[in-house]
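See structure below.
Throughout, protein chains are lettered first and strands after them, A, B, ... in sequence-line order, and every chain is numbered starting at 1. Values below: all heavy atoms of this structure, side chains included; hydrogens, waters and symmetry mates excluded.
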Protein chains: 2
Amino acid sequence: MPGKTKIPAATILRLSIYHRYLKNLEEDGTDVVSSAELASHTNVNPAQLRKDLSYFGRFGVRGVGYDVSKLSNRIRVILGLEKEWNMALIGAGNIGKALLQHKQFEAQGYRFVAAFDHDPEKIGKKIRQGMVVRPLKNLGRFMRTRGIDLAVMAVSTRHAQEVVEQVVEAGIKGVLNFAPVRLKVPGDVAVQNVDFTVLLDTLTYALSTVSVSRDSYSLEAKKNWSRIHSWPITEANYA
Amino acid sequence: MPGKTKIPAATILRLSIYHRYLKNLEEDGTDVVSSAELASHTNVNPAQLRKDLSYFGRFGVRGVGYDVSKLSNRIRVILGLEKEWNMALIGAGNIGKALLQHKQFEAQGYRFVAAFDHDPEKIGKKIRQGMVVRPLKNLGRFMRTRGIDLAVMAVSTRHAQEVVEQVVEAGIKGVLNFAPVRLKVPGDVAVQNVDFTVLLDTLTYALSTVSVSRDSYSLEAKKNWSRIHSWPITEANYA
DNA sequence: TGGTGTGAACAACTTCACAGCG
DNA sequence: CGCTGTGAAGTTGTTCACACCA
């Protein structure tokens with residue numbers, strides 16, 4: 001129920017996952033879905049799903065379930081997905097280029113409007129049709145004249161902190177960071193990290209504690225693990 | 001302290017982050033570090049860091065701090081990083097190719113040993129020096145003769161579930177999944193998802209609740225958000 | 001009847017605060 | 001004296017269980 005209750009961070013993440021599955025259902029022409037079914041396809045507990053929705057209102061019909069397209073729209077509004085979001089790619093390396101080609105973004109209303117780098121080798125090169133790599137120092141000007149909502153940072157570890165400072169300086173308030181560092185940013189800037197090696201390390205931990213161990217803690221760890229599979233973690237910001 | 005206590009999932013993730021920073025310190029020649037310093041560079045609370053370590057033993061010296069290389073090695077062992085991990089790339093598209101080129105993996109002891117796809121167009125093509133795309137149906141055989149520890153799946157949403165079933169069938173116990181679906185796997189298989197659009201959606205939520213809203217819940221949401229920045233989430237496995 | 005919505009119980013995780021020790 | 005290690009307190013998030021209603 002809307003009100004004074006705090007919304008768990010994890011709830012927002014799950015909302016996005018529900019929303020994605022609801023879009024599939026819409027395409028298939030399904031028009032009603034129960035919390036049990038939606039929950040099973042998104043690997044959550046049905047009560048969890050209902051609780052997540054209850055933070056924002058009452059969207060279902062008792063004894064029936066949820067109207068697929070109505071619920072989908074409500075979540076779209078909650079997440080702020082009714083508008084198109086303009087993104088700047090920062091860092092025109094391997095990963096950056098692959099992200100530019102990635103179809104998934106466009107499909108969701110995310111649009112790359114420019115690419116930046118500070119390597120003179122790369123500047124001026126055409127990175128995809130109608131998009132040329134710009135010098136990073138022009139980020140602020142571009143931001144003022146054309147508007148950027150989000151920065152997708154695929155730069156080297158070494159440069160990540162200084163680059164994010166330029167991004168913040170330019171007035172961008174949301175960052176998706178692919179560099180393997182925890183960035184320091186002001187409290188009004190949101191950062192999400194995409195951190196491949198950290199995730200791989202959790203996999204190796206899981207696999208190692210299976211085969212190796214006879215220590216007490218590893219056995220426990222393994223037991224714990226088999227129930228718990230994919231992740232987020234809430235990380236405070238002490239910048 | 002090692003024993004019967006359950007180890008939080010989030011602890012493992014942070015261990016990986018501490019470890020990465022410790023390696024930097026080692027390279028710089030720093031040999032002692034306090035929980036306060038290490039915590040500040042990894043955006044966690046110092047007590048949190050000490051608690052995380054305490055699940056596995058007592059690694060510090062009171063009044064002094066932690067020996068950098070000793071602690072680094074201990075964490076390396078805990079996470080299972082003393083061995084080299086063989087990975088198979090599954091899906092030779094944009095993202096897959098970029099991951100193959102990605103330097104970060106090799107540096108950490110993760111090694112791509114083969115690439116698979118089931119698109120006949122791609123099979124047989126050289127994807128990098130000394131590596132040719134193999135037919136997905138040969139995955140099981142390759143696994144038996146050469147061994148694969150982890151699968152990195154960069155396949156389409158549509159095929160992801162059927163592909164992961166072949167991966168599981170082949171006997172692989174750890175999967176890093178880039179497809180935007182929650183996969184169903186047996187309880188002894190560990191999966192981590194790299195989910196760009198979900199992370200973007202959390203950013204748009206954060207930004208929308210700043211500018212848009214006068215609703216009661218959004219204001220609350222914003223307040224919550226400004227403290228909480230980057231994420232994991234614990235997701236149960238109901239497969 | 002069957003599935004939602006939700007307070008209350010529970011479980012997990014984080015932070016505090018200080019004892020203990022080099 | 002200073003920083004670690006950790007029980008206990010506090011906070012946040014999840015699940016139960018059932019009232020409620022189309």
Side-chain angles (χ1 to χ4, degrees), chain A residues 1-15 18 32-40 42-68 70-71 74 220-221 223-225 227-228 231-238, chain B residues 1-15 18 32-40 42-68 70-71 74 220-221 223-225 227-228 231-238:
Chain A
M1 181 194 296
K4 38 191 70 248
T5 342
K6 281 239 292 280
I7 294 154
T11 289
I12 304 307
L13 223 139
R14 284 189 299 263
L15 243 32
Y18 307 148
V32 174
V33 69
S34 67
S35 64
E37 193 198 334
L38 189 43
S40 112
T42 49
N43 292 2
V44 305
N45 179 304
Q48 175 82 82
L49 183 145
R50 296 198 299 273
K51 177 69 86 179
D52 285 340
L53 297 178
S54 78
Y55 291 117
F56 298 95
R58 301 148 56 121
F59 306 129
V61 181
R62 290 168 197 238
V64 179
Y66 301 89
D67 179 289
V68 169
K70 199 176 122 200
L71 182 57
R74 298 301 299 266
E220 260 308 321
K223 223 168 72 195
N224 179 25
W225 194 272
R227 289 198 312 105
I228 290 177
W231 244 325
I233 277 150
T234 335
E235 187 182 299
N237 168 40
Y238 296 94
Chain B
M1 182 193 297
K4 40 192 69 248
T5 341
K6 281 237 292 281
I7 294 154
T11 289
I12 304 306
L13 224 137
R14 284 189 298 263
L15 242 33
Y18 305 150
V32 174
V33 69
S34 67
S35 65
E37 193 198 334
L38 189 41
S40 112
T42 50
N43 291 3
V44 305
N45 178 304
Q48 175 81 81
L49 182 147
R50 294 196 300 272
K51 176 71 85 179
D52 286 339
L53 296 179
S54 79
Y55 291 117
F56 298 95
R58 301 149 55 122
F59 305 129
V61 181
R62 289 168 199 237
V64 179
Y66 300 90
D67 179 289
V68 169
K70 199 175 120 199
L71 182 57
R74 298 300 300 264
E220 261 308 320
K223 223 168 70 194
N224 180 24
W225 194 271
R227 290 199 312 107
I228 290 178
W231 242 325
I233 277 149
T234 334
E235 187 183 299
N237 168 42
Y238 296 94

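- When the side-chain nitrogen and oxygen atoms of B:Asn45 are compared with OP1 and OP2 of C:dC16, one or more of them lie within a distance under 4.0 Å.
- Put simply, NZ on B:Lys51 is 11 Å from P on D:dA8, counting in whole angstrom units.
- What separates CD of A:Gln48 from P of C:dT6 is a distance of 15 Å, to the nearest Å.
- Counting to the nearest Å, the P atom of C:dT6 and the CZ atom of A:Phe59 are 11 Å from each other.
- In terms of heavy atoms, A:Tyr55 sits closest to A:Lys6 at CE2-O, 3.9 Å.
- If you take CD1 of A:Ile7 and P of D:dG13, they are 11 Å apart, rounded to a whole angstrom.
- The separation between A:Leu71 atom CG and C:dT4 atom C1' is 12 Å, rounded to whole Å.
- Listed here is the closest heavy atom pair of B:Ser35 and B:Leu49: CB-CD2, 3.9 Å.
- If you check distances only, the side chain of B:Arg50 does reach the base of D:dG5 with a donor-acceptor pair under 3.5 Å.
- To the nearest angstrom, C1' of D:dG13 lies 14 Å from CG of A:Leu13.
- Atom CZ in B:Arg74 sits roughly 15 Å away from atom C1' in D:dT4 (whole-Å rounding).
- Evaluation of atom-type donor-acceptor distances gives a pair under 3.5 Å for the side chain of B:Arg62 against the base of C:dG20.
- Rounding to whole angstrom units, CG of residue A:Leu53 and P of C:dT6 are separated by 11 Å.
- The shortest distance between the side-chain N/O atoms of A:Ser35 and the OP1/OP2 oxygens of C:dT4 is below 4.0 Å.
- Close to D:dT12, at under 4.0 Å from its OP1 or OP2, lies a side-chain N or O of A:Lys6.
- Contact annotation: the side chain of A:Val44 never approaches that of A:Asp52 to less than 4.5 Å [non-hydrogen atoms, C-beta and beyond].
- The side chain of B:Tyr55 approaches C:dT14 more closely than any other nucleotide in the set C:dT14, C:dC13, D:dT14.
- Look at A:Arg14 and you won't find any side-chain N or O under 4.0 angstrom from OP1 or OP2 of D:dG13.
- Here CZ of B:Phe56 is found 7.0 Å from OG1 of B:Thr11. Values are rounded to the nearest 0.5 Å.
- Not one side-chain nitrogen or oxygen of B:Arg58 sits closer than 4.0 Å to the OP1 or OP2 atom of C:dC21.
- Annotation for B:Ser34 and B:Tyr66: closest pair C-CD1, 4.4 Å, computed over non-hydrogen atoms.
- For C:dG5, the OP1/OP2 oxygens have a side-chain nitrogen or oxygen of A:Tyr66 closer than 4.0 Å.
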